[in-house]
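Convention: sequence-line order gives letters A, B, ...; per-chain numbering from 1.
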There are 2 protein chains.
Amino acid sequence: MSTMGTPTDSTGKSLTDYPRPSVAVDVAVLTVDEVLKVLVVERPDGSYALPGTFLHPGERLADAATRALRDKAGLTDVVFHQLAMLDDPERDDRGWVLSMAHSAAVPAADIPADAQLVPVTETADLAFDHADIVRFAVDDLRRRCAAEVDPGGFAGESFTVLDLRTLYEVIYDRSYPKDTFRRHLLHGLEPTGELRREGTGRPAEIYRRRAAPLPSSTAAFLLQ
Amino acid sequence: MSTMGTPTDSTGKSLTDYPRPSVAVDVAVLTVDEVLKVLVVERPDGSYALPGTFLHPGERLADAATRALRDKAGLTDVVFHQLAMLDDPERDDRGWVLSMAHSAAVPAADIPADAQLVPVTETADLAFDHADIVRFAVDDLRRRCAAEVDPGGFAGESFTVLDLRTLYEVIYDRSYPKDTFRRHLLHGLEPTGELRREGTGRPAEIYRRRAAPLPSSTAAFLLQ
DNA sequence: CTAATAGTGTCTCTGAGACACTATTTG
DNA sequence: CAAATAGTGTCTCAGAGACACTATTAG
């Protein structure tokens, strides 16, 4: 790096002398719809990829990601995070393109009806290295769900413990004993005082998420 | 994104029509030398920054980081990881420069004698947003040290439990009870069978790290 | 009543944490 | 012997996990 305010790096070479990579952003939008799925968009050649775009001049990565989600997938107000920078020089046939991978978790209800969702287990033929991004995103989601109750809001504003357990069993692809699950996850919930009566059986209490992070013992329980 | 093999994006605009950012890498090299410190290099204007460099054409980020560590800090064979992409368009006076922040942990003994180390608590006047990178790196180090015994090898090949406890007390900036610390960390250690006699008192057993990851209960203990 | 689902009392067993003890050295 | 440091036996208490029980509904 060099003296601030001068257009040279520490070797005296002008910054503009370096050929520069294109920089892209890609977002793995995860949702739960029976199984864990990821949103994909069709490309001109008929293949599928995660929604993404090139970074515009002076634009921030987060703004580019927001733009990609809006323009390619019709999604707004999505919270996302950086995952990793993908930098294989051969990853894009069109040239030297780095991509900042992001992940987001969006309730199925908030995803436009015409969007295409594929199970995260069936991403082998996504374009570029996007199957890798999906793997990163699933790992990231599991870590987040172990630290906080349903950070993506998959279960909506309020829900029963059974709703939540069913959700977590999908996300972690395993089952949990109902009593231990309840006692663990209650630490991150607060009762609304309402009940859900549905079919036969005792009505279920309805909870909402508490801001508090889950204790690390809960993370240990969820992650096995 | 666009059809593979064609030089246009989905709007039909050529890739080369977009002005592109410069991409840099910066590495926060952490070490423990009485306190937790980070390696800095002096810049031509006399200010200090983390070692970094611009990405060369077709180069991978990891290779650029390796090059920066070798050329700017005289370090080789360092293991590092991506932390985050810093993308404030105003972060570098010289123009539009994105930087991939990395972290590494290196034993003090492996750092060249002429390198400059500053405590991680005194990074406020580093150039650019490098103080932010140091914060990310310290958080990252603490997470890694809770998942595995001394992943940076700060304590060397072999060490006593007291060595390790002293090290962890520096990294986490707190103290730990000796018996509980011992019982927890022993899960990630294997005895060498050797003893260290030093001054008065019973000789200490010497251990080395085991490959096994620490149980999550140990992470909970270390992180409070 | 039965069937069905929600939620909890409670037992057991593990293990964290704390204290104080034993073990092994030097002088 | 005393002083110093390393390591452990053990007690207590909290809590995870499992089982079976109670609670509350529909029919």
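- For the residue pair A:Thr66/A:Asp63, the side-chain donor-acceptor check at 3.5 Å is not satisfied.
- Within residues 182-198 of chain A, the residues that have a heavy atom under 4.0 Å from DNA chain D are, in order of number, A:Arg183, A:His184, A:Arg197.
- Taking the side chain of B:Phe221 as heavy atoms from C-beta on, and the options C:dG17, C:dA20, D:dA18, the nearest nucleotide is C:dG17.
- Checking A:Asp45 against A:Ser47 by side-chain atom types alone, a donor-acceptor pair falls below 3.5 Å.
- Between B:Thr200 and B:Tyr207, the one whose closest nucleotide on DNA chain D sits nearer the 5' end is B:Thr200.
- In the model, A:His102 has no side-chain atom that pairs as donor or acceptor with a side-chain atom of A:Asp26 under 3.5 Å.
- Using cut-offs of 30° and 60° for the angle between ring planes, the B:Phe128 and B:His130 rings count as tilted.
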Candidate pair A:Arg182 and A:Glu205, rule salt bridge (Lys or Arg N to Asp or Glu O under 4.0 Å), full reasoning | CA-CA 12 Å; A:Arg182 177 186 181 84; A:Glu205 295 168 17; 3.7 Å; yes

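- When each of D:dA26, D:dG7, C:dA6 is scored by its nearest atom to the side-chain atoms of B:Glu205, the top-ranked nucleotide is D:dG7.
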Could you walk me through whether A:Arg144 and A:Asp140 pass salt bridge (Lys or Arg N to Asp or Glu O under 4.0 Å), step by step?
-> CA-CA 6 Å; A:Arg144 287 181 193 283; A:Asp140 181 68; 2.9 Å; yes

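- As rounded to whole Å, 13 Å separates atom C1' of D:dC11 from atom CG of B:Asp179.
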Distances under 3.5 Å between protein N/O atoms and the N/O atoms of nucleotides 21-23 of chain C, please, pair by pair.
| unit_1 | atom_1 | unit_2 | atom_2 | d |
| --- | --- | --- | --- | --- |
| C:dA23 | O4' | B:Arg202 | NH1 | 3.2 |

Between side-chain atoms of residues 170-181 of chain A and protein atoms elsewhere (two or more places apart, or another chain), which donor-acceptor pairs fall under 3.5 Å?
| unit_1 | atom_1 | unit_2 | atom_2 | d |
| --- | --- | --- | --- | --- |
| A:Tyr172 | OH | A:Arg142 | O | 2.5 |
| A:Tyr172 | OH | A:Ala146 | N | 3.1 |
| A:Tyr176 | OH | A:Leu222 | O | 2.6 |

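- For the pair B:Leu69/B:Thr76, no side-chain contact is recorded, criterion being any heavy-atom separation below 4.5 Å from C-beta on.
- Residue contacts shown for A:Ser217 are limited to sugar-phosphate atoms, with no base heavy atom under 4.0 Å away.
- For DNA chain D, none of the residues of residues 163-176 of chain A falls under the heavy-atom distance limit of 4.0 Å.
- Shown here are the salt bridge (Lys or Arg N to Asp or Glu O under 4.0 Å) partners of A:Arg165, two or more places apart in sequence or in another chain: A:Glu169.
- For A:Arg210, the salt bridge (Lys or Arg N to Asp or Glu O under 4.0 Å) test picks out no residue, with sequence neighbours left out.
- No salt bridge links B:Glu42 with B:Lys72; every basic N to acidic carboxylate O contact stays at or beyond 4.0 Å.
- The nearest whole Å value for the distance from the CZ atom in B:Phe181 to the P atom in D:dT8 is 15 Å.
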